[in-house]
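All chains are named by letter (A, B, ...) in the order of the sequence lines, taking the proteins before the strands, and each is independently numbered beginning at 1. Heavy-atom basis, side chains included; hydrogens, waters and symmetry copies ignored.
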Amino acid sequence: MTVLQKEMKVGIHCGVHGRVAVKLAEIAEKNKVDMEIISEKEQVNCRSILEVLGLALVQGSHICVRAEGKQAAKALITVKSLLAGQKI
Amino acid sequence: MMQGRDCTKKPVESEEQALFGVGASPGIVTARAQVFKRRTSRAAWRRLPPEMVEREVCRFQEAVTEAEQELQKLRVTFADDLSDALSIIDSHILMLKDRMILGRTIEIIRQESINAEWALAKALGRVKKKFETIADPYIKQRFSDVKYVADRIFGLLSGREDDVLTDISEKVIVIGHDFSPEDTLHMQAKNILGFITEEGGVTSHTAIVARSLGIPAVVGLENITCLCASGDEIILDGFSGRVYLNPTPVQLRQYREYDKLHQSFSEELSLYIHLASETPDGHRVRLAGNIEMTDEVQAVLRYGAEGIGLFRSEFDFFSRELLPDEETLTRTYSELVRTLAPQPVTIRTLDIGGDKFSNRLPHNGIRLDLERNPALGLRSIRYSLRDPTLFTMQLRALLRASVHGNLRILLPMISSSSEVRCAKGMVRQIMNKLDQEEIPFDPEVSIGIMIEVPSAVILADILADEVDFFSIGTNDLIQYSLAIDRGNQYVAHMYEPFHPAVLRMIKQTVAAGHRRGIEVSMCGEMAGDVVSAPVLFGLGLDELSMRPSAIPHVRRILRCSEHRQLTELGRAVLGCSDGGEVRNFLTRYLPENYPQEFCCS
């Protein structure tokens, strides 16, 4: 099983709010990966949007995203563009 | 009392019955009320015998599945062409199945052998606690969504008949403690004319859905479910947030007329979006927009602004965990300047302190919240000059953005020429450095100052030699020159923009600027007020910068004026002895000279 991990920075103007949290859950679902966000505070699963929202990630927050599954690489690339504020 | 003909006009004379909430979705409707009392019937605590525990888990899971089906159905039925509503429902579906709700509740049922309702309430309590520690207001507000979702499950567990809004068959205004975005979607299908809630704000999801469906709404009106009974006649004004209970026939007629007037008026005004800002005899005044975030640029363009007269740069510094870096700021500023080019974009350097104090800048050991008198403390340019690292970064970003169009750098709260020289010295140094690094910038970039401290008005002729433009900030200028704190209820009524001292200071600044051949703008609240617009034109300002939506109306006033007539008006108000006299004069003058714009009520 592929496990990949990538450091990222939140570039979206208004931070990781509802819509972005939903997208993160969708990316995990679509790519059939187990995906976690590791922040300074804690480590949460992307499928739980409440946990993701609870991290209160704002623009400039540094996080590490860890994906486990065959399509881990693809998932991480998508997450990176999502957090950079690009349409995915 | 004289008012402009737009929403600032109060169409109903008696304010006695008016209740003030927050206008969350625009529009005016009149109808009978249907009140939904807050349901306080939460299920009681019940301990389960061991053999019942798994059945309780099943009962809970079934309720969640049913709730999900309801939401899925709603998604298909209503939300097809409403992307806002669609993503809100999607987030609610995910919250339903979130492990902090679903998994946690099941865990509690099993561990503590208690009923599902109580377990869910406990799980919810934990989520609430977590959200309470979040500082970001937008993310924090998402807890209201978690509550809607939990309420749906509570309802299904307790065997509610159906949605609260099911029984309604006539056109009413519904009133409740709070409605979910889903309720709001149902309202459209049920021809509900509008709604009023006790909770909520403009940025709540319920308000967003109401706006995208065009359902007028007033939110945040405390106790409305107690003040109003089903069957009461109501006027709901979603523009101003006013609600009238049982209005008199006269009030009703006035409001209907007002509504009609308002509709035709805003259509009429939209014609002025693309016209030039000039009087028939060729006197031009630039009408620009004030903004805080880059997202607002669309509104600036939509209302036909001729540039940005004030970009408040604070948002980029305080909206995130870490301070922004030079690259981020350069990107933001370049994008703004490029989008508006060739029109000017005026960016004000960091204006913190005063009412905007922040301890987000701990690196230099300054505690702004410990100041005893923050309005007279370390704020704006004083802060920037004391924190040269931060200020240098912002200036570098501004200079780098200057190559993309017409950028104007605005230094706030200048009270002496030494501050201007100091800041300009820094700019020169940075320019030299950028030259060495071979980074392009516009060496001719305009640098101006805010005129908002009385000493700057008095020294305007000297300051004018140092800078390329002036921008008068009326809010602070009025506060400092009249010694009035607007937030203080005992003296707030003495805050008077038409105080002759204020008007004379504006005139003095304009005169000093023009003598030295520099432009004088105004970017305070006063600049977007239709009543003061003719006066400001008369005092000779070159640019008025305001909230973008006010531009078409102010432009129309300019286009109905003659330059000579404006100059005379300016002279006349300068001769008045107090603010009341100016207002009395305008009460006669404006309806006579702008019959189309001002009417007496």
Side-chain angles (χ1 to χ4, degrees), chain A residues 7-65 78-88, chain B residues 83-84 86-104 123-124 126-146 149-150 181 203 205 208 293-295 315-325 327-328 331-332 335 360:
Chain A
E7 304 269 333
M8 295 181 198
K9 195 170 138 187
V10 179
I12 311 163
H13 210 68
C14 21
V16 176
H17 50 89
R19 200 185 291 232
V20 181
V22 171
K23 288 260 181 237
L24 282 170
E26 275 173 17
I27 293 170
E29 178 76 33
K30 224 181 192 162
N31 292 291
K32 299 192 176 60
V33 290
D34 202 31
M35 198 158 75
E36 285 178 335
I37 296 181
I38 303 147
S39 82
E40 282 168 23
K41 280 195 263 173
E42 55 191 318
Q43 179 167 347
V44 305
N45 194 306
C46 286
R47 285 177 203 249
S48 165
I49 72 165
L50 292 180
E51 286 180 11
V52 172
L53 286 174
L55 291 176
L57 299 173
V58 291
Q59 190 175 38
S61 298
H62 285 274
I63 53 169
C64 175
V65 184
T78 326
V79 172
K80 190 147 196 252
S81 358
L82 173 71
L83 295 182
Q86 292 159 8
K87 281 231 155 77
I88 55 158
Chain B
S83 68
D84 282 337
L86 205 68
S87 79
I88 292 167
I89 295 181
D90 281 345
S91 71
H92 288 188
I93 292 175
L94 282 169
M95 283 178 189
L96 262 181
K97 297 187 289 184
D98 199 288
R99 68 181 185 193
M100 283 184 84
I101 295 286
L102 180 69
R104 183 76 193 132
L124 190 65
R126 224 167 83 154
V127 179
K128 187 177 176 194
K129 224 168 156 185
K130 183 154 193 165
F131 274 73
E132 271 167 358
T133 62
I134 295 175
D136 186 296
Y138 286 94
I139 299 178
K140 195 182 190 121
Q141 199 171 45
R142 297 290 79 89
F143 180 70
S144 62
D145 291 84
V146 186
V149 167
T203 57
H205 276 158
I208 291 171
M293 288 183 259
T294 43
D295 306 352
F315 185 81
D316 278 307
F317 286 85
F318 303 119
S319 62
R320 52 194 112 197
E321 219 159 80
L322 299 166
L323 288 175
D325 55 12
E327 297 307 315
T328 316
R331 261 201 308 280
T332 309
E335 190 193 321
R360 292 290 297 280

Considering only heavy atoms, which portion of V16(A) lies under 4.5 Å from any heavy atom of chain B: side chain, backbone, both, or neither?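 When you check distances to chain B, only backbone atoms of V16(A) fall under 4.5 Å.
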
At their closest point, which heavy atom of I139(B) faces which heavy atom of A56(A), and how far apart are they?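 Here I139(B) and A56(A) meet closest at CD1-CA, 3.9 Å.
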
Identify the heavy atoms of M100(B) and S48(A) that sit nearest to each other, and give their distance.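 So the two residues come closest at CG-OG, 4.3 Å.
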
Side-chain ion pair, E51(A) and K130(B), N-O less than 4.0 Å: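 Looking at E51(A) and K130(B), the cut-off is not met.
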
Check for a donor-acceptor pair, side chain of D98(B) on one end and backbone N or O of I49(A) on the other, with a separation under 3.5 Å.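 Judged by distance alone, yes, a pair lies under 3.5 Å.
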
Is the closest side-chain heavy-atom distance between F131(B) and L53(A) below 4.5 Å?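 Touching, per the 4.5 Å side-chain cut-off.
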
Separation of [Y] [atom2] from [X] [atom1] (nearest 0.5 Å):
{"X": "D136(B)", "Y": "Q59(A)", "atom1": "CG", "atom2": "CD", "answer": "11.0 Å"}
{"X": "S87(B)", "Y": "E26(A)", "atom1": "OG", "atom2": "CD", "answer": "9.5 Å"}
{"X": "K9(A)", "Y": "D325(B)", "atom1": "NZ", "atom2": "CG", "answer": "4.5 Å"}

Looking at V10(A), N45(A), V22(A), L50(A), which makes the most heavy-atom pairs under 4.5 Å with chain B?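 The residue among V10(A), N45(A), V22(A), L50(A) with the greatest pair count is L50(A).
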
